[in-house]
K.L.:
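Questions regarding the structure given below will be posed in turn.
Lettering of chains follows the sequences in order, A, B, ..., and the numbering in each one begins at 1. Just so it is clear, the values below take in all heavy atoms, side chains as well, and ignore hydrogens, waters and symmetry mates.
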2 protein chains.
Amino acid sequence: MSFPPPHRARSRVDVSGEESRAKAVAAATELFALAGYKGTSVAAVAARTGLSQSGLLHHFPSKAALLAAVLEERDRQDGAFLTGSTSPPLGWAAFDALTALVARNSTRPRMVGLFVRLAAEAIEPSHPAHAWVQQHYAGIRTWLGEAVRTGVDRGEFRQDAPVESIVRTTVAVIDGLQQQWLLQPGELSMASEFEAHVSALRARWSSVEVR
Amino acid sequence: MSFPPPHRARSRVDVSGEESRAKAVAAATELFALAGYKGTSVAAVAARTGLSQSGLLHHFPSKAALLAAVLEERDRQDGAFLTGSTSPPLGWAAFDALTALVARNSTRPRMVGLFVRLAAEAIEPSHPAHAWVQQHYAGIRTWLGEAVRTGVDRGEFRQDAPVESIVRTTVAVIDGLQQQWLLQPGELSMASEFEAHVSALRARWSSVEVR
DNA sequence: GTCTATATTTCGATAGAC
DNA sequence: GTCTATCGAAATATAGAC
């Protein structure tokens, strides 16, 4: 009465491996968000994952590879939020989409912390997340820039609206609010403050008189 | 024909000590600005100072003490720029003062880098610069908040101007522009972008119709 | 005041057993 | 796939000579 060694045996091992890997990425995300990349040790990630240091490094050849996996997962979760919609928001509607993004970030302090820490660390070109951070900013600038330009063409914005400045300051507001929000959790609403910024932009650059 | 051992001998030693200390603070400022506090080793600061590691630690009992000296010097250089004027800028004039501050920062990438790195690192309460960063933000919020409230009282701003939001978003713009400026040096003018923000604020909240 | 030498951790990564 | 053991490098800090 022997049970046949099921395919599940092989399968279960694989699943466990996948689970360990996913757990490790989640643990690394949390710790990188709290202490940054340099401030987090592989051993700490391993401990939180429930593996030994070597056990963790079996899934990722190096600490930098672990970071790459974290960023990949971050992109996977966020990738389609702005650029992924089939009908891309255009004109002023782009700012409504951004408000929704900010509201969503307000429920994800870990992801916000991860970005703020890495963005500051990765200013240095030699940082393993440098290219990723630059691509992130380039992507947002392109998306929002095109949206505003379309708004100008459609007559939603004044014809003399300075597209690049609107884009730069809007991105700056989002980043700066995240810093303040992380430093004083609960003492400000990122979404409300961002809407105040959009309100000022509309007053200045909308083609219709709003105030 | 012996030269009397002059008081200068004692004095010269002291001066040299003071100079080494000052050099070390300058070196630490540069390196902290480039790689942050955690990413900079005491040995690297010592090498740039022209001292051995132990020679440096003779002046500062610990790495944290070195950071404290860096922050103290930073405050000494910047302390009087905003709050130090005898007649504090009030109302919209406060934003002109901020524009001047941003323009000044545009010539001091090291100081900007230092702040951006430390602000992100020191979100964590256990970071040795945590209290300093919180005080920095509290100070700016108080100063700008009072200026805007005075502007409201004087009738320069609309009576329904949301003071706290104006303060928060203005601080956010400054911080966010610094991040972008450090990441892409030369590709944006912090002063121009900040003025665009102030322009939008005036359009929205000035008591006189400006646009 | 500055140095050499060293103590003590901690880190990232590798080797090899199971 | 995971572990123990370990290596080599780098970090902070201290001791003691000059």
K.L.:
What's the separation between atom CZ in A:Arg141 and atom NE2 in A:His136, rounded to the nearest 0.5 Å?
P.N.:
10.5 Å

K.L.:
Please walk me through it: do A:Arg202 and A:Glu195 pass salt bridge (charged side-chain N to carboxylate O under 4.0 Å, His left out)?
P.N.:
CA-CA 10 Å; A:Arg202 282 190 200 268; A:Glu195 282 183 334; over 6 Å; no

K.L.:
Check B:Val173 against A:Thr169 and note the closest heavy-atom contact, atom names and distance.
P.N.:
CG2-O, 4.4 Å

K.L.:
Tell me the interatomic distance from A:Leu56, atom CG, to C:dC11, atom C1', rounded to whole angstroms.
P.N.:
14 Å

K.L.:
Quickly work out the A:Glu19 CD to D:dG1 C1' distance and round it to whole Å.
P.N.:
13 Å

K.L.:
Do any of residues 22-41 of chain A sit with a heavy atom less than 4.0 Å from DNA chain C, and if so which?
P.N.:
A:Thr40, A:Ser41

K.L.:
Mind checking what makes ring-ring contact (aromatic ring centres under 6.0 Å, His included) contact with A:His59, not counting sequence neighbours?
P.N.:
none

K.L.:
Quick check, are the ring centers of A:His197 and A:Phe95 under 6.0 angstrom apart?
P.N.:
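When the ring centroids of A:His197 and A:Phe95 are compared, they turn out to be at least 6.0 Å apart.
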
K.L.:
Not counting sequence neighbours, which residues clear side-chain contact (heavy atoms from CB on, under 4.5 Å) with A:Glu73? List them please.
P.N.:
A:Val25, A:Arg76, A:Gln77

K.L.:
Check the distance between D:dT12's P and B:Phe60's CZ and give it to me in whole angstrom.
P.N.:
14 Å

K.L.:
Excluding sequence neighbours, so at least two apart, what forms ring-ring contact (aromatic ring centres under 6.0 Å, His included) with B:Phe32?
P.N.:
B:Tyr37

K.L.:
Please confirm whether the shortest side-chain N or O distance from A:His58 to OP1 or OP2 of D:dT2 is below 4.0 Å.
P.N.:
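For D:dT2, neither OP1 nor OP2 has a side-chain N or O of A:His58 closer than 4.0 Å.
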
K.L.:
Output one letter per nucleotide in nucleotides 13-18 of chain D: B when a protein non-hydrogen atom lies under 4.0 Å from the base, S when only the sugar-phosphate is that close, - when neither is.
P.N.:
BBB---

K.L.:
Send over the distance from B:His59 NE2 to C:dC3 C1', rounded to a whole Å.
P.N.:
12 Å

K.L.:
State which residues pass side chain to side chain donor-acceptor pair (under 3.5 Å) with A:Ser165; sequence neighbours excluded, sorted by chain then number.
P.N.:
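Residues passing side chain to side chain donor-acceptor pair (under 3.5 Å) with A:Ser165: B:Glu193.
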
